[in-house]
Amino acid sequence: MTEYKQNSDPAHGTRGGAGDERLYPFDTIEPKWQKYWRDKRLFNCDTGNTADKYYCLMMFPYPSAALHVGHGRNYIIGDVVARYKMMRGYNVLAPMGFDSFGLPAENAAIKGGMHPRTSTLKNIDTMKKQLNQWGVEYDWEREVISCLPEYYKWTQWIFVKLYEKGLAYKKKAFVNWCPSCKTVLANEQVVNGGCERCSTEVNQKELEQWFFRITHYAERLLKDLAKLTEWPERVKTMQANWIGKSEGVEIDFKIDGMGEKLKCFTTRVDTIYGATFIALAPEHPLVNTLVKGCEDEKAVLGSIQKMRDESKISRSQSEVEKEGVFTGKYVINPVNDRKVPIWIANYILMEYGTGAIMAVPAHDERDFEFAGKYKLPIEVVIDNPKKSIDPKTMSEAYTEEGVMVNSGKFNGLPSRESIKKIAEFFEEKKFGKRTVQYKLRDWLISRQRYWGAPIPMVYCQKCGVVAVPDNELPVLLPESVEFRPTGESPLKFVKDFVNTKCPKCNSPATRETDTMDTFVDSSWYFLRYITPRSSGKPFDSDLVNKWLPVDQYIGGIEHAILHLLYSRFITKFLHDIGIIGFDEPFKNLFTQGMIIKDGAKMSKSKGNVVSPDGLIASYGADTVRLYTLFIGPPEKDAEWSDRGVEGAYRFLGRVWRLVEGVILLNKGADVTAKESRDKLAEDLRRKTHQTIKKVTDDLEGGFHFNTVISAIMELVNETSDVKVKVSGKNDKLTKCLNEAVENIVILLSPIVPHIAEEMWKMLGKENSIFKCKWPSYDKNAIIDKVLTIPVQINGRLRSKVEVPAGIDNEALKKQVMADPKVKSWLADKAVKDFIIIPKKLVNVVISN
RNA sequence: GCCGAGGUGGCGGAACUGGCAUACGCGUCGGUCUCAAAAACCGAUUUCCUCACGGAUAUGAGGGUUCAACUCCCUCCCUCGGCACCA
């Protein structure tokens with residue numbers, strides 16, 4: 001999605017541990033099968049067949065120069081899911097594309113590199129080769145590249161639709177400005193006061209910018225999180241926190257001696273009787289009027305200006321000392337007609353609520369701190385029921401619930417109850433009204449950059465702001481521009497681009513020169529894959545309605561807020577204008593963890609990037625895939641280990657030799673059976689079917705690839721043990737052995753597709769293994785006939801007994817009591833209790 | 001501070017609705033094969049005591065419930081991620 005800072009150096013591969021001796025010929029097998037899948041169009045989806053559709057989507061990447069094994073995790077997981085679902089009989093759609101507008105390509109151009117288009121398309125080419133090497137397959141005929149006019153035409157079209165509905169608008173505002181990237185950033189792109197991309201401290205700049213009115217959808221974006229039952233809880237929590245809903249009351253305070261009213265938002269209207277001052281943000285529009293004519297007006301204005309000058313960023317850090325100044329004016333508290341002084345304070349944010357608060361020092365930490373500093377009165381109106389509060393000695397604000405005191409007719413009520421009562425009272429008396437506030441801000445989408453989709457708007461002297469009509473889209477990016485880090489869009493200096501005619505009146509006009517945030521591009525691409533070459537409309541609505549919502553979306557946790565929230569917003573919008581029939585885009589979401597090396601996220605600057613190229617050369621792609629999935633639970637971060645890769649490689653070698661060995665057996669090599677063949681056969685068959693069950697359950701119930709692999713390893717170990725003991729005769733045992741081996745190959749195939757295809761062929765099978773049906777297990781075969789029951793004495797394991805599966809409790813008890821170890825533990829002690837957990841365990845409780 | 005996830009051998013990690021803790025893999029040690037090495041194969045591997053049989057001990061710390069606790073309850077500690085002067 002977003003571009004990554006880390007780039008790996010493809011020339012610097014990890015050392016190969018395999019040496020010249022390969023455990024199996026992966027280097028010839030892998031390219032062969034990759035070509036085969038492509039030739040047989042294995043991943044090309046017929047979207048016309050929607051009966052058993054399965055839309056398996058990976059977050060499309062920004063085309064960086066080279067991928068590392070951390071990126072690989074995402075694609076490998078997706079590929080395994082797609083192949084598995086195919087074998088389950090689904091018509092799988094697994095498309096891929098490139099989120100190819102963005103800053104890195106343009107920054108490279110500024111440094112004197114290639115034109116962004118050239119470098120981007122080149123990177124796309126490299127990336128496709130790397131994906132191919134991994135054996136990760138897609139329906140490439142549906143490739144979507146967001147920087148091409150055929151795509152961004154429709155990004156612009158969506159902009160115009162938003163504009164027509166009043167959801168795209170331009171306003172002058174203080175915006176986050178990254179001095180290094182020389183562009184504005186959305187609130188979501190500011191991380192700890194720094195630029196998301198380069199970490200440079202962001203400052204504030206007043207600019208006229210385009211916004212999307214995502215706040216209009218705040219309530220639905222919040223409420224509909226409940227619909228997303230198959231999303232990780234943490235992602236939903238992060239989105240809910242980001243939207244930040246709070247319910248409260250907006251109070252109208254009359255300003256004493258002036259006609260004006262002052263609105264304050266509070267969630268704690270129960271504390272209204274304890275309001276001892278009012279605090280306004282320095283940017284509040286009434287500030288100048290209020291201050292006018294006050295004592296020492298000049299000094300007051302000076303300190304207000306000082307507060308404004310502090311960057312918004314440093315003001316948002318809690319360590320910053322609270323500052324404020326008295327305006328000389330008062331409001332009247334409507335509940336008791338008391339005069340309350342109005343202050344200007346640096347801790348009040350203009351962009352939240354009304355930019356003004358009623359301050360209740362006794363019951364708010366921040367107000368308490370401020371009141372302490374400026375010696376403002378503290379009045380307790382909520383008492384702690386456990387220990388009465390003395391306002392003179394209190395050392396911190398009491399913010400808990402309690403009992404109302406000093407609050408007129410509300411005295412004695414529990415504070416929680418009075419929130420509702422006072423709110424009702426306020427509405428009745430018209431002192432104010434109940435409202436809801438959100439932290440979510442409108443989405444700032446203007447970027448002073450070249451490499452993005454131009455905002456399709458025209459400024460006409462007569463008609464004003466005019467949207468470019470559909471038939472004139474796309475507004476093409478001009479080819480030749482000068483890349484200069486001026487802080488203004490390079491498009492501004494391209495006369496042919498800027499000067500145009502008004503689409504309405506045909507008189508001379510100028511174009512908007514800013515481009516769109518690339519997150520606009522990525523918030524609808526999943527719709528385009530269904531009909532990627534559609535030229536008359538963004539997509540075919542009927543078909544899109546059949547294929548979406550996406551059945552499985554897979555990507556990194558870093559997009560928990562930005563991309564996923566924006567995509568949900570755009571989907572809801574397109575739903576509301578009636579061109580799609582669903583209002584949530586992604587039914588199941590899986591967020592995989594990062595791959596860590598030497599304790600840190602892989603990055604070029606840290607020099608800890610593991611490139612797949614060297615690994616694939618030494619061990620093959622299947623080994624890299626296997627290890628990547630075996631490393632740990634895929635949703636968690638995991639530390640990369642080169643030793644672990646070798647272990648995965650050795651395992652594939654063992655499987656390869658097992659298959660070769662069994663084929664030899666089938667030809668009638670070896671002749672001596674060394675022990676009871678029937679029991680061996682039965683045990684092996686049981687293990688085989690238990691493994692089928694375990695693997696299928698682990699894939700269906702979440703992506704537990706690590707336990708899937710360990711289960712298959714167990715089966716391989718057991719099968720290898722059996723193989724050693726077997727003759728070549730075509731009897732029950734060799735049959736079970738063949739069954740075990742075939743199933744091992746099938747169960748492994750989504751994970752290590754190349755070697756699986758090759759072994760499948762060695763076993764004499766005709767078609768691609770991915771055309772074969774996923775096995776089901778025999779319910780009877782998985783039942784153990786003989787059980788080993790652990791025997792505990794007073795909860796401690798002391799012995800084990802072997803019993804037939806159907807044994808009744810009486811017989812079991814008899815056998816346990818006869819066990820010599822149990823006998824010696826019991827000695828002459830009385831048995832107080834005898835607990836039998838059927839098929840699991842026996843616990844004999846005795847006195848000590 | 002608030003919200004979320006987590007803490008299990010030397011390491012990555014397993015353990016379903018409370019029922020054999022440490023599966024599987026890595027590493028280490030010992031062995032087979034080899035002139036030798038690599039690969040492969042076999043065996044051992046929580047810790048402590050014991051020649052051994054065996055015993056004791058252990059899932060961040062402490063308490064509780066239970067015949068039985070990694071799992072449930074209470075108190076606390078630590079790590080990671082998100083949000084954070086949001087009224």
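The chains referred to below are lettered A, B, ... by the order of the sequence lines, with proteins before strands, and numbering in each begins at 1.
The side chain of A:Trp825 lies closest to B:rG55, out of B:rC16, B:rG55, B:rA39. For A:Trp242, whose side chain is taken as the heavy atoms from C-beta onward, the closest listed nucleotide among B:rA87, B:rC83, B:rG27 is B:rC83. Relative to the side chain of A:Asn843, the nucleotides B:rG27, B:rA68, B:rA39 differ in distance, and B:rA68 lies closest. Of the candidates B:rA87, B:rC24, B:rC42, the closest approach to any side-chain atom of A:Asp721 belongs to B:rC42.
The side chain of A:Arg650 contributes no N or O atom lying less than 4.0 Å from OP1 or OP2 of B:rC24. At B:rA87, none of the side-chain N or O atoms of A:Arg268 fall inside 4.0 Å of OP1 or OP2 (strictly under the cut-off).
Note: CG (A:Leu629) to P (B:rG25) measures 17 Å, nearest angstrom. In this structure, A:Ile837 atom CD1 and B:rC67 atom C1' are separated by 9 Å, rounded to whole Å. One can place CZ of A:Phe651 at 18 Å from C1' of B:rA39, the figure rounded to the nearest angstrom. Across the protein-nucleic acid pair, A:Arg798 atom CZ and B:rG19 atom C1' stand 16 Å apart, rounded to whole Å. With rounding to whole Å, A:Ile561 atom CD1 is found 15 Å from B:rG81 atom P. Rounded to an integer number of Å, the gap from A:Leu652 CG to B:rC26 C1' is 15 Å. Distance, A:Gln792 CD to B:rC67 P: 13 Å, rounded to whole Å. Between A:Arg654 atom CZ and B:rC41 atom P the separation is 6 Å, expressed in whole Å.
Separation of the C1' atoms belonging to B:rA44 and B:rC26 is 16 Å when rounded to the nearest angstrom. Comparing the same atom, P, in B:rU65 and in B:rA15 gives a spacing of 29 Å after rounding to whole Å.
In this structure, A:Asp367 reaches neither bases nor backbone, as no heavy-atom distance under 4.0 Å exists between it and the strands shown. Heavy atoms of A:Thr237 sit under 4.0 angstrom from primed sugar atoms or phosphate atoms, though from no base atom.
Remark: B:rC26 base-pairs with B:rG10. Criterion, Watson-Crick or G-U wobble with two distances under 3.5 Å. Under the Watson-Crick and G-U wobble criteria, each requiring two contacts below 3.5 Å, nucleotide B:rC41 is paired to B:rG31. Nucleotide B:rC16: unpaired (no Watson-Crick or G-U wobble partner with both distances less than 3.5 Å).
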Check nucleotides 11-15 of chain B against the protein and report each pair of N or O atoms closer than 3.5 Å, with its distance, or say if there are none.
residue, atom, partner, partner atom, Å
B:rG12, O2', A:Ile631, O, 2.6
B:rA14, OP1, A:Asn706, ND2, 3.0

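Ring-centre distance between A:Phe630 and A:Phe705: not below the 6.0 Å cut-off. A ring-centre distance under 6.0 Å is not found for A:Phe26 and A:Tyr619.
In terms of polar N and O atoms assigned as donor or acceptor, the side chain of A:Lys800 comes within less than 3.5 Å of the base of B:rC20 in a complementary pairing.
Listed for the A:Asp637 side chain is no donor-acceptor partner under 3.5 Å among the backbone atoms of A:Gly593.
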Return all side-chain donor-acceptor pairs below 3.5 angstrom for residues 229-238 of chain A, not counting sequence neighbours, or 'none' if the list is empty.
residue, atom, partner, partner atom, Å
A:Trp231, NE1, A:Phe586, O, 2.8
A:Lys236, NZ, A:Leu228, O, 2.9
A:Thr237, OG1, A:Glu233, O, 2.7

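Classification of the A:Tyr347-A:Phe370 ring pair by plane angle, with boundaries at 30° and 60°, yields tilted.
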